[in-house]
Structure formats: C-alpha cells, structure tokens
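Here is the structure we will look at, set down as structure tokens.
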Protein chains: 2
Amino acid sequence: MTSKQRSAPASLATVAAAAGVSIATVSRIVNGETRRASAETVERVRKAIAVVGYHPNHAGRTLRRRESRLVAMLAPNLDNLVMAAIAASTEAALRAAGYVMILCDTHDRPDLQDEYLNAMRSQVVRGYIMVASVPSAGLKDFVADGAPMVFVNRRPPFGRGAFVGIDNVKAGADAADMLWSAGLRRCGVLAPAQGSSVTRDRLKGFCGRMRALGVTEIPAAEAAGRSHLEIGYEAARRLAARNGWLEGLMCVSDQIAYGAYRFARESGIVIPERCKLVGIDGNPLNRWIAPWLRSIEVKYEDFGEPIVELLDHVWHAGGDAEHIMPHGVA
Amino acid sequence: MTSKQRSAPASLATVAAAAGVSIATVSRIVNGETRRASAETVERVRKAIAVVGYHPNHAGRTLRRRESRLVAMLAPNLDNLVMAAIAASTEAALRAAGYVMILCDTHDRPDLQDEYLNAMRSQVVRGYIMVASVPSAGLKDFVADGAPMVFVNRRPPFGRGAFVGIDNVKAGADAADMLWSAGLRRCGVLAPAQGSSVTRDRLKGFCGRMRALGVTEIPAAEAAGRSHLEIGYEAARRLAARNGWLEGLMCVSDQIAYGAYRFARESGIVIPERCKLVGIDGNPLNRWIAPWLRSIEVKYEDFGEPIVELLDHVWHAGGDAEHIMPHGVA
DNA sequence: ACAAGTTAGGCAAACGTTTGCCAAATTACG
DNA sequence: CGTAATTTGGCAAACGTTTGCCTAACTTGT
C-alpha cells in the first residue's frame with residue numbers, strides 16, 4: 001500500500017529538542033527577536049527548523065495571543081463579476097498584509113448572515129468585511145459589541161462602521177448626463193423593487209439630475225426577482241407594457257441592463273439603434289460581448305486595498321471612517 | 001465617547017463558574033454528551049451559557065483535537081463565472097457539512113500556490129480543494145505527505161489525489177457534433193497556447209470526432225494571453241489571417257468564444273450568420289447577452305456537493321477516487 | 001444487608017504558543 | 001578588584017478545549 005505519511009507535525013518542542021535549546025528560545029527566534037540569542041544559537045535553531053520541517057501552528061498562536069490572522073468576508077453572492085472582483089482584490093490585499101480570508105456566501109439572507117457571524121466569531125476572526133450586508137439582529141449585536149467591521153457598497157445599517165464604496169448619487173446623475181448628452185430626452189429607468197441604499201441612491205441621483213435638466217416625467221419600473229438579470233427583464237417588460245419603448249433606458253446595474261437587453265431582443269427591438277441602454281458598474285465583459293451598453297465604470301478590482309486600509313484603521317484608531325472610490329464615464 | 005465594548009469573551013470556565021459545575025461538565029454538555037449529566041444540571045448549564053453569552057473558541061478546540069473545521073480552496077482566479085460558481089457551490093456544501101472555506105487566489109502561479117499551501121498548513125486546515133492547480137514543488141511535497149486533497153477541473157499533476165470534473169474529451173467531441181449537425185463542414189478551433197489537461201482534452205476530443213466524421217484538415221490557432229478573453233481574440237485574429245473566416249469555430253471555453261466574438265465584430269463579421277461559434281462551459285450569461293453562442297453546458301453550480309463528498313471520502317477511506325460530472329448540449 | 005453495577009461529575013494532562021520574570025555568565029566601569 | 005550593567009537563555013503560567021481516569025453516591029439484585 002502506498003501509505004500516506006502524515007507523520008506528527010513538528011512543533012516548537014521538536015525544534016528545541018533538535019537544537020538543544022529551550023522552547024522559549026526557539027519561539028523568540030521564530031518571531032524575529034534575534035537579539036535575545038547569540039548568533040550561533042540562532043544559526044543552530046535555523047538549521048533545526050529546516051531539518052525537522054517546522055511550521056508554526058496558528059491554533060496555538062491564536063489561543064495564546066487571543067487574536068488570529070483570519071478575516072471574514074460576508075458577501076450576498078458571487079455570481080456576478082462585481083462581487084468576484086471585490087472578493088479577489090480584497091483577498092490579494094489581505095494576503096499582502098499577512099492575513100487570510102474566509103469567504104461566506106450569505107445569499108442576502110439575514111438568518112444566514114447571522115449564522116455566519118457566529119461561526120466567524122468562534123473562529124476568532126480579527127475582522128469582518130460586510131459586502132452589501134443586510135440588516136439583521138446578529139449584525140446589530142456585533143456592531144454594538146464593537147466588532148471590527150468594514151462595510152462595502154451598502155452603507156452600515158446601524159450607524160457605526162467604516163465604509164468603502166462609490167458615490168451612488170453622483171453615479172446616477174452621471175448616467176443621466178450620459179443619456180442627455182447623447183441627445184435623448186425621453187428616458188426611463190429600471191430598478192429593483194426593494195432596493196438597497198445602493199440602488200436607491202443611484203435612482204435618486206438619476207431622477208434629480210433629470211429634473212434639474214428640466215425633465216418632469218421620468219417613467220420608472222421596478223420588479224422583484226432572484227437576480228438583477230431577472231429584475232431587469234421583468235422591469236423592462238412592465239415599462240414597455242406601460243409606456244412603450246422609450247429612446248433610452250437607465251439601468252441601475254449592468255446586470256439589470258442585461259436583463260432588459262434580453263427582453264428587448266425577444267421583443268424584436270434592436271438595442272443600440274431603437275433604444276439606448278446605460279448601466280452602472282462597468283462590467284469588464286461589456287467591451288467583449290456587450291458593446292451596446294454604455295456604463296458608468298467602477299474599478300471594483302481596486303476596492304481591496306482601501307478595504308484593508310480601513311480595517312487597519314478600525315483596528316488601530318477605531319472610530320468610523322469612509323473611503324469613497326472614484327467612478328468614471330468611459 | 002460611544003465606547004466599544006469588547007468585553008472578554010466567555011469561555012467554558014466562565015460558564016462553569018456561573019453554573020457551579022466543572023469545566024469538564026460544561027464541555028460535555030456543549031458537545032451534546034448529555035447522558036453524563038442529570039437533566040437539571042444540563043438545564044442549569046444551558047441557562048448559564050445563554051446568560052454569559054458563551055460561544056466555543058475554535059482555536060482551543062483545534063489545538064486539542066489537532067484538527068480544525070477549516071478547508072482551503074486554492075483557485076487560479078475568480079474573474080469568470082466558472083470559478084465563481086465552483087467557489088460558491090463548494091462554500092455552500094462545506095457550510096452545510098459544518099466546515100468553513102478559506103479562499104486563496106493563486107493567479108495560476110506556482111510560487112503563490114506554494115506560499116498559500118504553507119500558510120494553510122499553518123492554519124491547520126483539514127483539507128485542500130485545488131481548482132485548476134498548477135504543478136509546483138510544494139504541491140508535490142504535500143501530495144507525498146498525504147495531505148487530503150481534491151482536485152477540480154485539472155487532474156492531479158502528481159498522480160495521487162481525488163478528482164472532480166467533466167469528461168473533457170467527450171465534451172470536445174460533443175462540440176464537434178454540434179457544428180457538424182448544423183451542417184457545417186469546414187470548422188476551425190481556438191485554444192490557449194500552453195494548455196492544461198482541460199483544454200488539451202477538449203481539443204483532442206474535438207479533433208478526434210472531426211476526423212472520425214471524415215474531416216482531414218482542421219484549422220487550429222493557439223495564442224497566449226492573460227485571460228481566455230485575450231487568448232480568444234488573438235487566436236481568432238491568427239486563424240482569420242491564415243485561413244480567412246471559416247463557417248464555424250469551436251472555442252475550448254466560452255471566454256475564448258467571447259474573445260473571438262469581439263475580434264469578429266471589430267472585423268465586420270456578423271457572428272451567428274457569417275460564422276457560427278461553439279463554446280464549452282455553458283456560461284449562464286449566454287442566454288442573456290450572448291445568444292449567438294452555442295455552448296456545451298456544464299453545471300458548475302453542482303460541483304460543490306461531489307467535491308465535499310470526495311473530501312469526506314479522502315478523510316475516511318483514503319485512497320483515490322473521481323467523480324465525473326455530466327455535461328449537456330442544451 | 002452486602003456485593004455489584006450504574007449514574008453524575010470532578011481532576012488534571014495535553015495540544016502549541018507567547019512572554020514576564022528570573023538567573024547565570026559575561027562585559028564594562030570606576 | 002569590586003560592583004554594576006548587559007547578554008543569553010531557561011522556567012513556568014496562561015490561552016480554551018477535550019477526555020481518560022477516578023470517586024463518590026445511588027440503584028439493583030440476591
């Protein structure tokens with residue numbers, strides 16, 4: 001039988017025995033406190049570490065230090081590139097800072113979010129990154145307890161907490177300008193039925209800017225659904241049924257625009273020509289397979305760095321803070 | 001100042017003191033071993049747990065049990081829905097089985113993969129899920145050490161290891177049938193330059209089937225690039241330059257098809273009419289914004305369950321095993 | 001009533017680290 | 001040469017948990 005080895009892993013004690021020194025000395029050398037040992041001892045211990053194949057055990061370290069290198073990210077899903085980009089960039093930034101990311105998919109459900117929060121506390125995680133969090137009893141408790149949290153995209157639902165995201169009101173206004181400057185005057189807007197702070201702000205910014213431009217009536221449609229794709233499809237259907245096809249449509253997310261596109265195609269409407277679509281998020285796939293979509297660009301792959309910076313801020317300084325990311329009109 | 005609380009978290013000792021019993025008793029009750037205590041003691045301890053707000057500390061548990069509930073997933077990236085679907089479904093399946101997933105983005109780099117493997121060992125993770133792993137010195141050591149591993153999509157590079165994935169040779173053949181049954185006879189194929197077992201097998205299956213159908217010359221183009229999108233674009237460019245536009249193109253992944261689509265559009269080639277594209281992966285976005293792409297469907301969102309099953313198998317039975325997922329021709 | 005068995009629960013060691021404190025041995029200083 | 005300071009390193013406690021073993025106090029059977 002090709003046996004699997006799985007020999008007992010080396011601990012500080014193993015190294016200490018091999019090098020003929022005490023555990024304490026090995027620990028200090030491992031942690032870079034070399035001035036507490038002579039150069040030759042350090043060398044001997046280094047050799048022993050290599051020879052027995054020692055790797056520090058984080059469970060022991062966490063227990064003793066009462067803090068781990070684990071950071072939890074709770075996200076409502078991963079099935080679109082926005083979330084994936086945030087997750088990937090945050091993971092990279094955490095890694096660079098010596099942390100390890102645990103990913104939790106809450107499916108936008110308060111009960112699952114609470115379950116995860118409790119599980120993460122048991123793991124003694126050092127911080128929480130709440131991407132598009134949903135209000136829940138557990139979250140409220142954690143915030144009240146002062147758990148180190150950074151909120152992303154959706155603002156902290158219970159006041160306290162650091163925040164990273166874009167200026168959604170401004171983004172909505174910019175989307176309005178996009179349609180207006182293309183000469184379109186009669187435009188509608190598609191949004192989810194029970195929106196978050198994100199979609200509400202984008203909607204508000206859009207309508208505000210349109211009104212400022214002198215537009216009095218802004219046809220809007222809302223819909224519910226499992227994903228923004230479905231929401232876009234259904235909202236487009238409702239708007240078309242009510243107002244016919246307008247010359248321009250602002251969709252509060254690119255995914256909603258995709259849904260609207262599908263409904264248009266199935267209705268025989270040619271998309272950029274008959275009705276122009278504008279979205280928000282700047283999905284990187286657009287330039288490859290959705291060139292008909294103009295979108296407010298958001299560099300979600302740049303979110304990781306400020307997220308980790310804010311986490312650091314919360315750990316050290318404490319208190320609230322926010323980092324508003326720029327968005328473009330490519 | 002709105003002070004953050006952060007009072008010392010309750011431990012077994014806290015509960016024991018509150019309930020007037022020993023730590024051992026509390027531990028047993030927490031772990032469901034209730035027949036070692038009288039009903040009234042159990043009740044008293046339960047109350048105490050609620051009142052002091054006890055949550056088990058996994059660092060202590062891991063240290064004592066010498067195994068954690070952590071499972072590491074190492075993936076080459078997250079920037080396409082294939083990876084995202086695998087990650088999300090695996091996370092859900094692990095969660096259901098009481099595990100917690102750590103996500104590591106290796107960027108397909110051997111050095112980063114090794115760095116992550118070591119970091120994960122330090123976290124005392126219980127298993128490793130290697131999505132599209134790359135051969136590396138560290139991985140070889142881990143495999144030789146008998147670390148519990150499940151390989152996904154790409155086969156284990158050093159022999160030993162469980163595997164979950166589709167039959168890529170068959171998928172390639174099915175893609176050939178798709179083009180053939182549409183009446184197309186002169187088709188090309190686009191693939192990455194330094195392919196993995198995945199793309200090689202798909203290519204092999206495609207060419208094999210085409211030859212079996214009597215096609216002797218199969219124009220192929222390869223390209224290198226940072227993503228399959230870029231690879232598809234460049235490969236399409238090369239093929240068009242060499243062979244002109246063929247009537248059908250098989251792309252070994254949907255992302256490559258997206259790249260080819262962009263090049264076609266920029267060249268004024270109308271895509272389904274002038275040249276039919278067939279891909280593999282069944283990206284869920286296709287039906288929304290890429291209806292011109294016929295694709296071999298792979299339900300990556302179903303991968304999580306068998307992955308966790310195989311991990312279980314590796315833990316208990318040990319030894320190799322594989323789970324070939326079905327694919328469709330929707 | 002006495003031995004045997006069962007029930008309820010405590011003691012203490014161990015897991016791998018970190019770190020405050022102590023103690024030799026060496027060096028510096030007057 | 002005597003004392004003070006520095007260097008080098010060990011001891012042991014603590015972090016929170018699990019679990020083998022022990023011991024009383026009951027219960028049962030005869």
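Naming: A, B, ... by sequence-line order, numbering from 1 per chain. Only a predicted model underlies this, so the values are computations on that prediction, with no experimental measurement involved.
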Name every residue in residues 22-31 of chain B that has at least one heavy atom under 4.0 Å from any atom of DNA chain D, in order of residue number, or write none if there are no such residues.
B:I23, B:A24, B:S27, B:R28, B:N31
Whole-Å gap separating [atom2] ([N]) and [atom1] ([X]):
{"X": "A:L63", "N": "C:dG16", "atom1": "CG", "atom2": "C1'", "result": "9 Å"}
{"X": "B:N57", "N": "C:dT17", "atom1": "CG", "atom2": "C1'", "result": "14 Å"}
{"X": "A:Q123", "N": "D:dT17", "atom1": "CD", "atom2": "P", "result": "13 Å"}
{"X": "A:E33", "N": "C:dG20", "atom1": "CD", "atom2": "C1'", "result": "12 Å"}
{"X": "B:R35", "N": "C:dT6", "atom1": "CZ", "atom2": "C1'", "result": "12 Å"}
{"X": "B:R121", "N": "C:dG16", "atom1": "CZ", "atom2": "P", "result": "15 Å"}

Output yes when at least one side-chain N/O atom of [X] is less than 4.0 Å from OP1 or OP2 of [N], else no.
{"X": "B:S38", "N": "C:dT7", "result": "no"}
{"X": "A:T62", "N": "D:dC15", "result": "no"}
{"X": "A:R65", "N": "C:dT18", "result": "yes"}

Quick check: does any side chain N or O of [X] sit under 3.5 Å from a backbone N or O of [Y], one acting as donor and the other as acceptor?
{"X": "B:D145", "Y": "B:A147", "answer": "no"}
{"X": "A:T106", "Y": "A:L74", "answer": "no"}
{"X": "A:N31", "Y": "A:E33", "answer": "no"}
{"X": "A:Q113", "Y": "A:V134", "answer": "yes"}
{"X": "A:S89", "Y": "A:D302", "answer": "no"}
{"X": "B:W315", "Y": "B:G127", "answer": "no"}

Go nucleotide by nucleotide along DNA chain D from the 5' end; which of B:R36 and B:G60 gets its closest nucleotide reached first?
B:G60
What protein N or O atoms touch nucleotides 23-26 of chain D N or O atoms at under 3.5 angstrom, if any, and at what distances?
none

Nearest to the side chain of A:R64, heavy atoms from C-beta on, is which of C:dG10, D:dG16, C:dT19?
C:dT19
B:T41 has a side chain; which of D:dC15, C:dG9, D:dG16 sits nearest to it?
C:dG9
Minimum heavy-atom distance A:R154-A:A132, with the two atoms named:
NH1-O, 3.1 Å
Looking only at non-hydrogen atoms, find the nearest pair between B:Y116 and B:D105 and report the distance.
CE1-O, 3.5 Å
The helix from C:dA1-D:dT30 to C:dG30-D:dC1: angle between its terminal axes, five pairs each, to 10°?
40°
Less than 4.5 Å apart, side chain to side chain, heavy atoms only: is that true for [X] and [Y]?
{"X": "A:D320", "Y": "A:R160", "value": "yes"}
{"X": "B:T90", "Y": "B:V71", "value": "no"}
{"X": "A:M83", "Y": "A:P76", "value": "yes"}

Looking at B:E43 and B:K47, is any side-chain nitrogen of the basic one under 4.0 Å from a carboxylate oxygen of the acidic one?
yes
N/O donor-acceptor pair, side chain A:R61 with base C:dG16, under 3.5 angstrom
no
Is there a donor N/O on one and an acceptor N/O on the other, under 3.5 Å, for the side chain of B:R66 and the base of C:dG16?
no
Taking the nucleotide of DNA chain C with the closest heavy atom to each, which residue, A:L12 or B:E40, is nearer the 5' end?
B:E40
Nearest-nucleotide check on DNA chain C, B:V21 vs A:Y54; residue mapping nearer the 5' end is B:V21
